[in-house]
Amino acid sequence: MPVFYGTEVESALMLGTAQYSSPAVLAEAFRASKAGIATVSLRREHGGGQAFWELIRGLGTRILPNTAGCHTVKEAVTTAHMAREFFDTDWIKLEVIGHTDSLQPDVFALVEAARILSEDGFKVFPYCTEDLIVCDRLLHAGCAVLMPWGAPIGSGLGINNAYGLRALRAEFPDTTLVVDAGIGLPSHAAQAMELGYDAVLLNTAVAKAGDPAAMARAMALAIEAGREAHRADPMEPRDMAAPSTPVIGKAFLA
């Protein structure tokens with residue numbers, strides 16, 4: 001099971017709470033997913049009011065508030081402090097968006113905001129790219145978890161840079177790593193876990209599916225399958241064919 005800042009979480013699936021067609025659909029999807037963590041935007045909560053907060057508390061999962069929609073260090077830090085007061089947790093998913101179309105993080109502002117929040121006692125979960133140098137700077141800023149994207153938020157493109165994510169896993173073998181964003185299919189989630197990642201965070205793929213509960217269940221199964229595949233030490237791919245049926249003992253015609 002993944003461990004975040006010393007806390008073990010029962011499921012490697014982290015699920016967002018935005019974009020569902022109704023509160024009932026959201027609750028059903030979470031029940032089907034058995035997600036260990038629910039991410040919640042402070043701005044989304046304000047939009048839903050007390051009823052939404054009661055729904056989230058009723059899910060029975062750990063809450064990870066985020067700074068979604070923030071574009072500057074000051075905005076992200078302020079939102080994080082508000083979230084800590086509102087949700088009564090020092091966990092924060094840190095997002096500092098730098099590019100409007102791709103929603104790519106501003107990694108320079110991200111590192112600075114992570115440093116400030118870590119010094120303020122937050123346990124920071126930074127949404128970042130798979131860049132090794134950026135991730136190293138985030139670790140030195142106080143982060144014990146890294147959350148590189150698989151693809152742009154909400155795109156459903158899956159794992160765009162398997163090489164980069166694999167290199168990140170190899171470079172930081174003892175750091176908790178989460179693939180965050182871009183997951184569109186269960187096969188994408190399984191691939192992330194096959195790369196040796198500790199968890200997967202997704203939202204749109206479930207919330208916008210024709211049957212969110214069914215998709216949530218499929219994602220949970222795929223994550224479990226991917227984790228077991230990684231543990232099984234899978235074979236390395238090769239360029240040439242190799243017979244799967246032994247030829248020793250077979251008769252040969254002269």
Side-chain angles (χ1 to χ4, degrees), residues 4-5 14 16-19 37-47 63-87 89-155 157 159-161 163-165 167-169 171-172 175-183 192 197-204:
F4 302 101
Y5 290 97
M14 305 164 69
T17 56
Q19 305 187 71
I37 292 177
T39 61
V40 184
S41 168
L42 181 66
R43 299 178 185 191
R44 172 65 179 84
E45 157 55 26
H46 280 173
I63 303 299
L64 176 61
N66 67 41
T67 63
C70 293
H71 290 78
T72 67
V73 172
K74 182 178 180 180
E75 188 180 15
V77 169
T78 300
T79 302
H81 279 276
M82 292 171 62
R84 182 162 64 179
E85 292 297 319
F86 189 87
F87 295 108
T89 178
D90 55 6
W91 282 18
I92 191 73
K93 179 190 172 188
L94 179 61
E95 296 183 27
V96 186
I97 300 302
H99 189 262
T100 303
D101 292 336
S102 67
L103 300 180
Q104 182 167 329
D106 178 342
V107 295
F108 304 101
L110 182 68
V111 171
E112 177 62 14
R115 182 191 62 77
I116 293 171
L117 291 174
S118 294
E119 290 176 354
D120 285 343
F122 284 89
K123 296 178 173 62
V124 181
F125 295 64
Y127 162 63
C128 58
T129 64
E130 69 278 20
D131 184 279
L132 292 174
I133 307 306
V134 169
C135 289
D136 185 62
R137 297 289 173 83
L138 286 167
L139 293 176
H140 281 89
C143 301
V145 175
L146 298 173
M147 302 179 69
W149 64 350
I153 294 172
S155 67
L157 291 172
I159 306 299
N160 273 359
N161 184 7
Y163 167 81
L165 292 176
L168 191 63
R169 177 74 284 174
E171 183 72 16
F172 305 113
T175 299
T176 300
L177 299 181
V178 181
V179 171
D180 175 16
I183 300 298
Y197 277 65
D198 299 284
V200 174
L201 196 162
L202 56 93
N203 187 169
T204 307

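Side chains included, hydrogens not; waters and symmetry mates left out as well; all remaining heavy atoms used.
- The CG atom of N160 sits 12.5 Å away from the OG1 atom of T129 when rounded to the nearest 0.5 Å.
- Rounding to the nearest 0.5 Å places CZ of R84 at 9.5 Å from OG1 of T89.
- Side-chain N or O atoms of Y127 include none that pairs as donor or acceptor with a backbone N or O of V96 at under 3.5 Å.
- For the atom pair CG of L110 and SG of C70, the computed distance is 11.5 Å after rounding to the nearest 0.5 Å.
- Partners of E130 under the side-chain hydrogen bond (donor to acceptor under 3.5 Å, both in side chains) rule, at least two apart in sequence or in another chain, are W149, N161.
- Residues satisfying the ring-ring contact (aromatic ring centres under 6.0 Å, His included) criterion with H71, sequence neighbours excluded, are absent altogether.
- Qualifying side-chain hydrogen bond (donor to acceptor under 3.5 Å, both in side chains) partners for S155, counting only residues two or more places apart in sequence or in other chains: none.
- Considering every non-hydrogen atom in both C143 and P126, the closest pair reads SG-CG, 3.8 Å.
- Every residue two or more places apart in sequence or in another chain that forms a salt bridge (Lys or Arg N to Asp or Glu O under 4.0 Å) with D90 is listed here: K123.
- Taking F172 as the reference, L132, C135, D136, L139, L146, L168, T175 meet the side-chain contact (heavy atoms from CB on, under 4.5 Å) condition, with sequence neighbours excluded.
- Taken from CG in N66 to CZ in F87, the straight-line distance is 8.5 Å, to the nearest 0.5 Å.
- You'll find the ring centres of F125 and W91 inside the 6.0 Å limit.
- Pairing each heavy atom of E95 with each of A76, the nearest pair is O-CB, 4.2 Å.
- Remark: E112 engages R115 in a side-chain hydrogen bond (donor to acceptor under 3.5 Å, both in side chains) (not counting sequence neighbours).
- Annotation: side-chain hydrogen bond (donor to acceptor under 3.5 Å, both in side chains) contacts of T72 (sequence neighbours excluded): none.
- Of all the heavy atoms in T67 and A80, the pair that sits closest is CG2-N, 4.1 Å.
- By the 6.0 Å contact criterion, CZ on R137 is open, its count of non-hydrogen atoms from other residues, nucleotides or ligands being 12 or less.
- Looking at every heavy atom in both residues, A83 comes nearest to I92 through CB-CD1, 4.0 Å.
- Heavy atoms of other residues, nucleotides or ligands lying less than 6.0 angstrom from CZ of F108 number 12 at most.
- Contact record, V178 with F4: CG2-CE2, 3.7 Å, taken as the closest heavy-atom pair.
- Checking side-chain atoms of T17 against main-chain N and O of T39 turns up a donor-acceptor pair under 3.5 Å.
- Residues meeting the ring-ring contact (aromatic ring centres under 6.0 Å, His included) test with F122, sequence neighbours left out: H81.
- Minimum heavy-atom separation, A109 to V73: O-CG2, 3.4 Å.
- Taking the ring-ring contact (aromatic ring centres under 6.0 Å, His included) definition, one finds that Y197 meets it with nothing, sequence neighbours left out.
- Evaluation of the side-chain contact (heavy atoms from CB on, under 4.5 Å) rule for S102 yields H99, Q104 as partners, not counting sequence neighbours.
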Using the salt bridge (Lys or Arg N to Asp or Glu O under 4.0 Å) rule, take D180 and K93 through it: C-alpha gap first, then chi angles, then the decisive distance, then the call.
CA-CA 11 Å; D180 175 16; K93 179 190 172 188; 3.0 Å; yes

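- Under the salt bridge (Lys or Arg N to Asp or Glu O under 4.0 Å) criterion, D198 pairs with R169, sequence neighbours left out.
- Residues passing the side-chain contact (heavy atoms from CB on, under 4.5 Å) test with A192 are I159, V179, V200, sequence neighbours excluded.
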